[in-house]
Protein chains: 4
Amino acid sequence: MISKFFKLEQEKRERILNAATKEFGEKGFGNASTNEIVMEAGISKGLLFHYFTNKKGLYLFLYDYYVELMVDELFTKLDLEDGDILSKWRRIGWLKFELMKRHPEMFDFLKSVYEETDSEVKSELEKRNYDVIETSYAKILSNIDTSLFKPNIDIGRAINIIIWTLEGYGNQQKILTKNTPMDLLNIEKLIEGMDEYIEMLKSMFYK
Amino acid sequence: MISKFFKLEQEKRERILNAATKEFGEKGFGNASTNEIVMEAGISKGLLFHYFTNKKGLYLFLYDYYVELMVDELFTKLDLEDGDILSKWRRIGWLKFELMKRHPEMFDFLKSVYEETDSEVKSELEKRNYDVIETSYAKILSNIDTSLFKPNIDIGRAINIIIWTLEGYGNQQKILTKNTPMDLLNIEKLIEGMDEYIEMLKSMFYK
Amino acid sequence: MISKFFKLEQEKRERILNAATKEFGEKGFGNASTNEIVMEAGISKGLLFHYFTNKKGLYLFLYDYYVELMVDELFTKLDLEDGDILSKWRRIGWLKFELMKRHPEMFDFLKSVYEETDSEVKSELEKRNYDVIETSYAKILSNIDTSLFKPNIDIGRAINIIIWTLEGYGNQQKILTKNTPMDLLNIEKLIEGMDEYIEMLKSMFYK
Amino acid sequence: MISKFFKLEQEKRERILNAATKEFGEKGFGNASTNEIVMEAGISKGLLFHYFTNKKGLYLFLYDYYVELMVDELFTKLDLEDGDILSKWRRIGWLKFELMKRHPEMFDFLKSVYEETDSEVKSELEKRNYDVIETSYAKILSNIDTSLFKPNIDIGRAINIIIWTLEGYGNQQKILTKNTPMDLLNIEKLIEGMDEYIEMLKSMFYK
DNA sequence: AATGAATGAGCATTCATTCAT
DNA sequence: TATGAATGAATGCTCATTCAT
């Protein structure tokens with residue numbers, strides 16, 4: 001039935017999407033209320049279930065929808081050939097900050113997905129994660145130019161440190177800017193901060 | 001009424017504690033069912049509320065209980081005077097792995113606390129967090145021996161990289177060993193793996 | 001949501017109304033069971049709360065409903081211009097006996113309202129009472145023809161005696177006929193009895 | 001078991017009595033909480049049920065206790081030989097106002113008894129009422145000096161008017177003084193007001 | 001396609017009463 | 001005599017889901 005959802009007029013489709021994204025993002029799967037969603041979207045109870053069968057169906061649809069959106073974004077705007085993992089990850093960070101500004105609700109939703117504890121939904125989620133996320137990661141990390149690294153560096157571990165550091169920085173900034181409206185977010189500043197870490201990592205790991 | 005809870009025979013007390021910890025850890029505050037808890041604990045509905053007033057009371061009790069347990073563990077077995085932040089954090093990692101083996105449910109519970117979205121409980125949680133967690137962090141990071149670091153290293157950022165890396169490693173191992181029964185967990189192996197990162201960090205940051 | 005209640009088919013609407021009126025009338029607000037009401041009405045738990053939000057909402061709806069019904073009855077069928085307070089109050093008595101025959105449950109319900117002790121409902125009740133009841137009383141007592149009274153009679157007190165006497169008679173008859181099925185109630189007899197008191201009061205107070 | 005209750009030290013007995021009277025008076029039988037009562041009285045749950053078997057037993061004990069207290073008061077201080085029903089009823093009014101000042105909680109309790117809707121308690125209450133109240137009323141009304149009345153007056157009805165009027169006045173004053181602390185109640189004023197009605201009734205009914 | 005009335009299992013919480021100590 | 005831990009049925013209320021229209 002989900003296929004029919006795309007035949008809806010765009011405006012209504014977005015109203016539903018936004019309402020559901022917001023509700024799930026704020027409250028998580030279990031505590032989100034379909035009532036709230038239909039009220040916010042201005043549609044009837046029945047229609048929601050007509051398209052998505054049940055709450056879980058709606059949730060997983062949103063998940064797939066946003067994962068696809070992110071992956072598309074990533075692989076359209078990322079130079080996969082770039083062997084410099086640091087510059088590549090810098091680019092990823094930039095794309096993420098950009099997306100965060102354009103689709104803040106999406107990030108809240110995806111964060112809630114990561115933290116999802118509801119067992120009936122978690123296993124389904126993990127199944128889907130595996131494929132897309134795993135292969136995306138693999139692609140990104142596939143053609144690393146190892147000649148950039150100093151000799152005697154364990155490159156696998158170095159890459160982990162790079163990823164953990166940049167993720168750690170991202171999370172730290174998210175918490176610090178929690179109360180800043182997304183449209184006022186100063187991405188240049190965030191990137192600058194990120195660059196300082198990248199410089200450190202570069203001088204440590206690169207020749 | 002919580003004070004009376006401690007006067008219960010140990011076995012029953014633990015049954016209640018374990019049942020609640022497990023249920024909250026698996027489902028989060030909002031979706032956890034007190035019904036499930038009393039059934040698992042083998043006590044009556046009324047008794048739970050006799051001790052903890054309401055669901056929120058039980059949740060926050062568990063939180064306080066485990067935070068105290070962790071803080072006690074940390075500050076009893078940690079040499080706060082040690083200025084070597086890397087060796088100190090190594091010790092923290094070891095203590096965490098140890099605790100994870102002895103109280104695996106506690107970690108799931110505390111993780112669920114961190115991810116809690118339920119607003120009626122979140123504000124209360126944040127209030128409590130502030131004091132204990134913040135001051136604990138401050139104490140641990142208070143007397144760092146900066147003379148150990150290479151010159152020209154931004155020590156603040158270095159410490160962040162250290163923390164993010166070791167946390168990243170911990171999370172990675174948690175996911176990888178998710179299906180290993182906790183009592184079969186090979187802590188020595190985990191520590192060995194951690195030590196490899198610590199060695200890297202040491203050669204990067206220390207003289 | 002109450003507005004939707006009136007769009008229900010009459011038969012179901014009355015089943016709900018009657019069940020709730022009876023339950024509240026018998027047990028008062030606090031001890032009435034919404035479970036009992038839905039079972040008696042033959043509807044689901046959810047539906048009741050769909051229409052009335054909560055128990056209090058249902059109770060206050062019934063109160064408003066019956067007060068309006070009584071006030072309508074009173075002011076449609078009562079000659080407010082009649083300055084003869086005794087003949088006017090006789091008419092009121094008659095209308096009350098009539099209503100009691102047609103809507104016996106309503107009287108039990110309204111009696112239970114008057115005696116309500118539940119604090120969360122009492123204040124709301126008093127707020128509503130004030131307006132309608134107070135102004136109704138005022139209207140009824142507004143244009144009394146004082147020239148009908150003997151001189152030297154304290155008319156204010158005389159009117160109180162009239163009201164208390166006729167109310168006293170009403171209550172007495174209610175108790176005496178408690179076990180008589182309402183449809184067998186001989187209103188003519190009741191009115192006759194009332195008339196005897198009215199004659200006494202007339203000879204005492206009127207010229 | 002109730003007999004044993006009287007063997008308790010007076011102070012504890014009164015704490016229990018007062019707590020129960022207050023709770024029932026405020027909330028009625030059904031909504032009163034035995035928990036509240038034992039907490040207020042400072043005794044254990046078990047003790048209450050040891051003496052009174054169940055909530056109903058406690059309630060009916062209090063009822064019997066206060067009815068006896070009132071009847072004692074009435075028949076000790078009332079001149080039953082007095083054939084002047086108006087002066088006798090004046091005396092009753094005075095005694096009631098006096099009691100109201102000394103035992104305000106008792107009146108709230110007895111009022112709540114009168115309004116009791118709980119069916120399991122109501123029938124029991126009615127059984128007990130019948131005996132004591134009925135015979136008390138009979139005694140008071142037994143030796144009325146009918147020669148005081150004007151001829152052609154229906155004395156039965158006249159007495160009803162007297163009772164309803166004085167009761168009406170009492171209730172009216174109760175409502176008007178609802179917010180006056182009992183110890184500030186100006187009984188002389190209340191009696192004065194009552195006397196005005198008594199004078200009217202006298203001039204209406206007596207030679 | 002779209003509605004929203006209707007369902008009923010599920011929820012947290014209360015409370016009179018019991019009983020081992 | 002006195003305690004208070006323990007019970008479990010009952011309470012008001014919510015919510016995903018169904019289905020006749």
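Residue numbers begin at 1 in each chain, while the letters A, B, ... track the order of the sequences. Please read these numbers as outputs of a predicted model, since none were measured by experiment.
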**Q** Counting only heavy atoms and a strict 4.0 angstrom limit, can you tell me which residues of residues 13-34 of chain B come near DNA chain E?
**A** A32(B), S33(B), T34(B)

**Q** By a strict heavy-atom criterion of less than 4.0 Å, which residues belonging to residues 46-53 of chain C are in contact with DNA chain E?
**A** G46(C), L47(C), H50(C), Y51(C)

**Q** Which is true for L58(D) with a 4.0 Å heavy-atom rule: it touches a base, it touches only sugar-phosphate, or it touches nothing?
**A** nothing

**Q** Tell me, with the steps shown, if I37(C) and L58(C) meet side-chain contact (heavy atoms from CB on, under 4.5 Å).
**A** CA-CA 11 Å; I37(C) 293 171; L58(C) 169 60; 4.1 Å; yes

**Q** Which of these nucleotides, dG8(E), dT1(F), dG4(E), is closest to any side-chain atom of S44(C)?
**A**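 Out of dG8(E), dT1(F), dG4(E), the nucleotide with an atom closest to S44(C)'s side chain is dG8(E).
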
**Q** Among dG12(F), dA6(F), dT17(F), which is the nearest nucleotide to the side chain of K55(C)?
**A**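 Side chain of K55(C) sits closest to dG12(F).
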
**Q** For the residue pair R128(C) and V67(C), establish whether any side-chain heavy-atom pair is separated by less than 4.5 Å.
**A**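 Heavy-atom side-chain distance check fails, nothing below 4.5 Å.
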
**Q** Counting any heavy atom closer than 4.0 Å, what does K45(B) reach on the DNA or RNA strands: base, sugar-phosphate only, or nothing?
**A**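 The answer is base, as K45(B) lies within the cut-off (heavy atoms under 4.0 Å) of a base atom.
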
**Q** To the nearest 10 degrees, how far apart in direction are the end axes of the helix from dA2(E)-dT21(F) to dT21(E)-dA2(F), each fit to five base pairs?
**A**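 Its terminal axes enclose an angle near 10°.
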
**Q** Side-chain N or O of K4(C) versus OP1/OP2 of dA5(E): is the shortest distance under 4.0 Å?
**A**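 Result: yes.
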
**Q** Kindly say whether the aromatic ring centers of F61(B) and F6(B) come within a distance under 6.0 Å.
**A**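 Yes, the ring centres sit under 6.0 Å apart.
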
**Q** Round to a whole Å and report the spacing from CD of E9(A) to P of dA1(E).
**A** 13 Å

**Q** Would K12(A) and L47(A) satisfy side-chain contact (heavy atoms from CB on, under 4.5 Å), going step by step from the backbone distance to the final call?
**A** CA-CA 12 Å; K12(A) 192 186 226 174; L47(A) 197 59; 4.0 Å; yes

**Q** Test side-chain contact (heavy atoms from CB on, under 4.5 Å) on E115(B) and K111(A) and set out the steps.
**A** CA-CA 9 Å; E115(B) 295 163 356; K111(A) 179 164 170 273; over 6 Å; no

**Q** Taking for each residue the nucleotide of DNA chain F bearing the nearest heavy atom, is the 5' side occupied by N54(C) or by L8(B)?
**A**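 Checking each residue's closest nucleotide, the 5'-ward one belongs to L8(B).
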
**Q** Check whether any side-chain heavy atom of E105(D) lies under 4.5 Å from a side-chain heavy atom of K22(D), and answer yes or no.
**A** no

**Q** Please determine whether ring-ring contact (aromatic ring centres under 6.0 Å, His included) holds for the pair Y59(A) and F52(A), giving the CA-CA distance in whole Å, both sets of side-chain angles, and the decisive distance to 0.1 Å.
**A** CA-CA 9 Å; Y59(A) 190 78; F52(A) 301 103; over 10 Å; no

**Q** How long is the line joining OH of Y59(D) and C1' of dT17(E), in whole Å?
**A** 20 Å

**Q** Walk me through it: do N18(C) and E40(C) pass the test side-chain contact (heavy atoms from CB on, under 4.5 Å)?
**A** CA-CA 9 Å; N18(C) 290 342; E40(C) 174 102 9; over 6 Å; no

**Q** Under 4.0 Å between a side-chain nitrogen and a carboxylate oxygen: does that hold for R13(B) and E9(B)?
**A**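 Salt bridge between R13(B) and E9(B), a charged N being under 4.0 Å from a carboxylate O: no.
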
**Q** Using a cut-off of 4.0 Å on non-hydrogen atoms, how would the nucleic acid contact of K7(B) be classed: base, sugar-phosphate, or nothing?
**A**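 The answer is nothing, as K7(B) stays clear of every strand by at least 4.0 Å.
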
**Q** Could you tell me the separation between the CE atom of M39(C) and the C1' atom of dA10(F), rounded to a whole number of Å?
**A**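 Value for this atom pair: 13 Å.
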
**Q** Figure out the CD/P separation between E36(B) and dA9(E), and round it to whole Å.
**A** 17 Å

**Q** Do the ring planes of F24(C) and F29(C) sit parallel (below 30°), tilted (30 to 60°) or perpendicular (above 60°)?
**A** parallel

**Q** What is the ring orientation for F5(B) with Y51(B), classed by angle as parallel under 30°, tilted 30 to 60°, or perpendicular over 60°?
**A** perpendicular

**Q** Considering only heavy atoms from C-beta outward, does the side chain of E26(D) approach that of D108(D) to under 4.5 Å?
**A**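 A side-chain contact is absent here, since even the closest heavy-atom pair is not under 4.5 Å.
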
**Q** Identify whether any heavy atom of K12(A) sits under 4.0 Å from a base atom; if not, whether one sits that close to sugar-phosphate; answer base, sugar-phosphate or nothing.
**A** sugar-phosphate

**Q** Without decimals, in angstroms, what is the distance between N35(D) CG and dT3(F) C1'?
**A** 14 Å

